[in-house]
Amino acid sequence: MGLTQCDAPIYEALRKFKRMRVVPFDVPGHKRGRGNMELTEFLGEDCLSVDVNSMKPLDNLCHPVSVIKDAEMLAAQAFGAENAFFMVGGTTSAVQSMIMYACKGGDKIIMPRNVHRSAINALILCDAVPVYVNPEVNNQLGIALGMSVEQVEKAIKENPDAKAILVNNPTYYGICSDLKRITELAHAHGMLVLVDEAHGTHFYFGENFPITAMKAGADIASVSMHKSGGSLTQSSFLIMGKNVNSDYMRQIINLTQTTSASYLLLSSLDISRKRLALGGREIFEQTVEMAEYARSEINAIGGYYAYSKELVNGDSIYDFDVSKLSVYTLPIGLAGIEVYDLLRDEYDIQIEFGDIGNILAYISVGDRKRDIERLISALSEIKRRFGKTETGMLTQEYINPIVAETPRKAFYADKESLPLEESAGRICSEFVMCYPPGIPILAPGELITPEIIGYIKYAKEKGCSMTGTEDINIERLNVLR
């Protein structure tokens with residue numbers, strides 16, 4: 001009898017393996033938890049008993065022939081893809097694999113500049129040359145938007161030799177590009193379409209969401225199952241259309257992916273895929289209901305602006321993910337990161353991120369109505385207790401960079417360290433970013449300008465978590481000699 005979405009082959013194989021009570025003379029050395037009792041007490045015996053090594057009954061992620069292969073087939077079916085790979089290095093490794101599949105050294109790839117750092121890291125690894133399409137910016141909210149079709153068309157005409165186009169869909173804030181038209185344009189010019197769909201797992205299983213990468217005809221997509229899909233942190237899927245050589249893709253993945261894949265992560269992907277395939281419509285209907293309720297209540301407070309589909313303009317905001325609760329905070333005189341810190345420090349509420357002008361609260365099926373009420377109430381109190389008039393606030397969330405060198409060349413070039421204030425006019429050889437969302441303010445090969453230095457200092461002052469530089473305090477930058 002054939003497998004169906006009711007099956008979870010990896011999970012079932014692990015359950016069967018547990019019943020066998022096999023004596024372990026293999027790794028991991030904790031031997032089902034017996035060798036590390038403090039860890040076993042903390043994580044639980046059930047958890048440690050399935051933290052096992054690859055073996056014949058459990059298959060091997062590097063070269064699957066049985067249960068993992070079956071689980072991958074079920075995942076591909078669930079996502080409407082030709083093939084799917086289980087990724088245990090997060091969506092970072094999925095993004096890097098799809099870029100390394102599409103591009104070799106010197107190949108061009110068209111991409112928006114507001115990509116996650118993993119995409120630029122991939123360029124450093126494979127020496128591809130980025131052709132950046134600077135996204136349009138919503139000047140009120142200060143956020144980067146999607147890719148405009150016109151700009152993509154212009155980039156294709158100017159770079160007909162580019163191998164691929166990478167699209168963020170949706171962005172962290174919930175904004176979607178016209179993925180179908182971009183895909184048609186790219187394919188008409190012989191280019192692959194790669195989609196960073198880290199924040200779009202639910203598009204595949206819910207109703208009335210923006211179009212998925214696979215439905216739009218894209219070639220490869222990386223999907224963070226652990227974000228809105230319920231699997232364990234660091235577990236993701238890489239899904240592919242029919243024109244992708246999946247055997248070669250596995251070789252690319254195996255260049256960087258671990259040979260000791262965690263069965264905790266693999267089984268969480270398997271179980272979560274089954275759950276969403278069987279009940280995703282109801283799960284995400286409930287999620288959207290909570291997000292819509294929170295949005296209307298937050299907008300009723302006054303000052304805050306929880307935005308939604310009213311932003312849609314048919315191009316750079318082609319669609320909006322209504323499950324995202326993105327809130328603009330500057331009208332109450334507080335930067336997003338300040339609201340983020342107040343929610344955690346004063347109200348014991350941990351949201352996804354705060355940047356200069358916005359916060360994002362990630363709503364999922366794991367939330368409860370009373371938690372939503374608590375968030376709304378806390379935001380109301382923050383406005384009353386800490387709100388100020390909107391003066392002297394930096395509004396620009398995204399600054400168009402000036403690219404002077406390829407990321408790889410700049411990253412490996414001879415460099416020197418300069419104080420931040422003295423680095424204007426020089427070419428940066430490292431990343432500077434607020435994390436999350438992990439979109440670089442500066443990437444290797446970009447010109448450091450006074451505006452960017454001002455932004456970095458302001459973000460630090462407001463309490464943004466800055467990462468990427470060799471100097472942990474971000475007081476100095478590495479620049480090309």
Novice: Can you check whether N134's main-chain N or O pairs, donor with acceptor, with Q151's side chain at less than 3.5 Å?
Specialist: yes
Novice: Using modelled atom types only, decide if a donor and an acceptor are shared between the side chain of T329 and the backbone of G336 within a distance under 3.5 Å.
Specialist: yes
Novice: Kindly say whether A8 contributes a backbone atom to a donor-acceptor pair with the side chain of E12 at under 3.5 angstrom?
Specialist: yes
Novice: Return yes when atom CD of E150 has more than 12 non-hydrogen atoms of other residues, nucleotides or ligands closer than 6.0 Å, and no otherwise.
Specialist: no
Novice: Answer yes or no: is there a donor N or O on one side and an acceptor on the other, between the side chain of D367 and the main chain of S364, under 3.5 Å?
Specialist: yes
Novice: Are more than 12 heavy atoms from other residues, nucleotides or ligands located less than 6.0 Å from atom CZ of F411?
Specialist: no
Novice: Check whether any side-chain heavy atom of I453 lies under 4.5 Å from a side-chain heavy atom of S423, and answer yes or no.
Specialist: yes
Novice: Atom OG1 in T171, atom CG in N114: separation rounded to 0.5 Å?
Specialist: 7.5 Å
Novice: When you compare the side chain of I382 with that of L343, does any pair of heavy atoms fall below 4.5 Å?
Specialist: yes
Novice: I want to check something: taking the side chain as every heavy atom from C-beta on, are V327 and V339 in contact at a cut-off of under 4.5 Å?
Specialist: no
Novice: Among side-chain atoms of Q140 and Y328, is any donor-acceptor pair under 3.5 angstrom?
Specialist: no
Novice: Quick one: does any side-chain atom of K462 pair with a main-chain N or O of A335 as donor and acceptor, under 3.5 Å?
Specialist: no
Novice: Could you tell me whether E373 atom CD has more than 12 heavy atoms of other residues or ligands within 6.0 Å of it?
Specialist: yes
Novice: Near E470 CD, under 6.0 Å, is it more than 12 heavy atoms from other residues, nucleotides or ligands?
Specialist: no
Novice: Are S222 and S236 close enough that some pair of their side-chain heavy atoms sits under 4.5 Å apart?
Specialist: no
Novice: Is the distance between the ring centroids of F284 and Y204 less than 6.0 Å?
Specialist: no
Novice: Do S235 and F86 have side-chain heavy atoms sitting under 4.5 Å apart?
Specialist: no
Novice: Before giving the answer on side chain to side chain contact (heavy atoms under 4.5 Å, CB included), spell out for I359 and Y304 the whole-Å C-alpha distance, their side-chain angles and the decisive distance to 0.1 Å.
Specialist: CA-CA 10 Å; I359 57 170; Y304 296 107; 5.6 Å; no
Novice: Going from CG on D321 to NZ on K309, what distance comes out if it is rounded to the nearest 0.5 angstrom?
Specialist: 8.5 Å
Novice: Are the side chains of P401 and L442 in contact, using a 4.5 Å heavy-atom criterion?
Specialist: no
Novice: Treating D355 as the side-chain partner and N358 as the backbone partner, does any N or O pair qualify as donor plus acceptor under 3.5 Å?
Specialist: yes
Novice: Just checking, any donor-acceptor pair under 3.5 angstrom between side chains of S323 and H202?
Specialist: yes
Novice: Tell me if the NZ atom of K215 is crowded by more than 12 foreign heavy atoms within 6.0 Å.
Specialist: no
Novice: Is the closest side-chain heavy-atom distance between H226 and Q234 below 4.5 Å?
Specialist: no
Novice: How close do I301 and K383 get, heavy atom to heavy atom, and via which atoms?
Specialist: O-NZ, 3.3 Å
Novice: Where do I474 and M466 come nearest, in terms of heavy atoms and distance?
Specialist: CD1-CB, 3.5 Å
Novice: I would like to know whether Y172 and Y362 meet ring-ring contact (aromatic ring centres under 6.0 Å, His included); could you show each step before the answer?
Specialist: CA-CA 10 Å; Y172 224 136; Y362 221 96; 7.3 Å; no
Novice: Looking at every heavy atom in both T201 and G229, which two are closest together, and how far apart are they?
Specialist: CG2-CA, 4.0 Å
Novice: Once you round to the nearest 0.5 Å, how far does CG of L325 lie from CD1 of I372?
Specialist: 7.5 Å
Novice: Check S267 against L14 and note the closest heavy-atom contact, atom names and distance.
Specialist: CB-CD1, 3.6 Å
Novice: Would you say S224's side chain and K227's backbone share a donor-acceptor pair under 3.5 angstrom?
Specialist: no
Novice: Rounded to the nearest 0.5 Å, what separates atom CD1 in I239 from atom CD in E82?
Specialist: 12.0 Å
Novice: Would one find more than 12 heavy atoms of other residues, nucleotides or ligands at under 6.0 Å from atom CZ of R181?
Specialist: no
Novice: Check whether Y293 forms a cation-pi arrangement with K369 (NZ or CZ under 6.0 Å from the six-membered ring centre, at most 45° off the ring normal).
Specialist: yes
Novice: Measure from the side-chain N and O atoms of N138 to the backbone N and O of L145, and report whether any donor-acceptor pair falls under 3.5 Å.
Specialist: no
Novice: With sequence neighbours left out, write down each residue that passes side chain to side chain contact (heavy atoms under 4.5 Å, CB included) with S429, or none if nothing qualifies.
Specialist: K415, N478, L480
Novice: Could you check, using the six-membered ring where one of them is a Trp, whether F85 and F237 have ring centers closer than 6.0 angstrom?
Specialist: no
Novice: Taking the side chain from R374 and the backbone from I349, do they hold a donor-acceptor pair closer than 3.5 Å?
Specialist: no
Novice: Mind checking the CD-CD spacing from Q5 to Q77? Nearest 0.5 Å is all I need.
Specialist: 6.0 Å
Novice: Looking at every non-hydrogen atom in both residues, tell me the closest pair between M433 and G468 and how far apart they are.
Specialist: CE-CA, 4.2 Å
Novice: What are the two closest non-hydrogen atoms of A144 and P135, and how far apart are they?
Specialist: CB-CG, 3.8 Å
Novice: Could you walk me through whether E184 and K180 satisfy the salt bridge (charged side-chain N to carboxylate O under 4.0 Å, His left out) test, starting with their C-alpha distance in whole Å, then the side-chain angles of each, then the deciding distance to 0.1 Å, before giving a yes or no?
Specialist: CA-CA 6 Å; E184 288 163 357; K180 198 165 192 318; 3.1 Å; yes
Novice: Given D51 and L43, is the side chain to side chain contact (heavy atoms under 4.5 Å, CB included) satisfied, shown in steps?
Specialist: CA-CA 11 Å; D51 181 37; L43 294 180; over 6 Å; no
Novice: Roughly how far apart are M214 CE and E197 CD, rounded to 0.5 Å?
Specialist: 7.0 Å
Novice: If you count heavy atoms of other groups shown closer than 6.0 angstrom to CZ of R385, is the number above 12?
Specialist: yes
Novice: Can you tell me if OH on Y263 sees more than 12 non-hydrogen neighbours from other groups inside 6.0 Å?
Specialist: yes
Novice: With a 3.5 Å distance limit and no angle check, can you tell me whether D219 reaches the backbone of V193 through a side-chain donor-acceptor pair?
Specialist: yes
Novice: Run the side chain to side chain contact (heavy atoms under 4.5 Å, CB included) check on N400 and R113 step by step: do they pass?
Specialist: CA-CA 8 Å; N400 285 342; R113 173 52 183 74; over 6 Å; no
Novice: Carefully, step by step, assess R295 and E292 under the rule salt bridge (charged side-chain N to carboxylate O under 4.0 Å, His left out).
Specialist: CA-CA 5 Å; R295 199 164 8 252; E292 295 282 32; 3.1 Å; yes
Novice: List the steps and the verdict of side chain to side chain contact (heavy atoms under 4.5 Å, CB included) for K457 and L420.
Specialist: CA-CA 9 Å; K457 287 166 79 170; L420 185 60; 3.8 Å; yes
Novice: State, with a plain yes or no, whether a side-chain heavy atom of I120 is found less than 4.5 Å away from one of P130.
Specialist: no
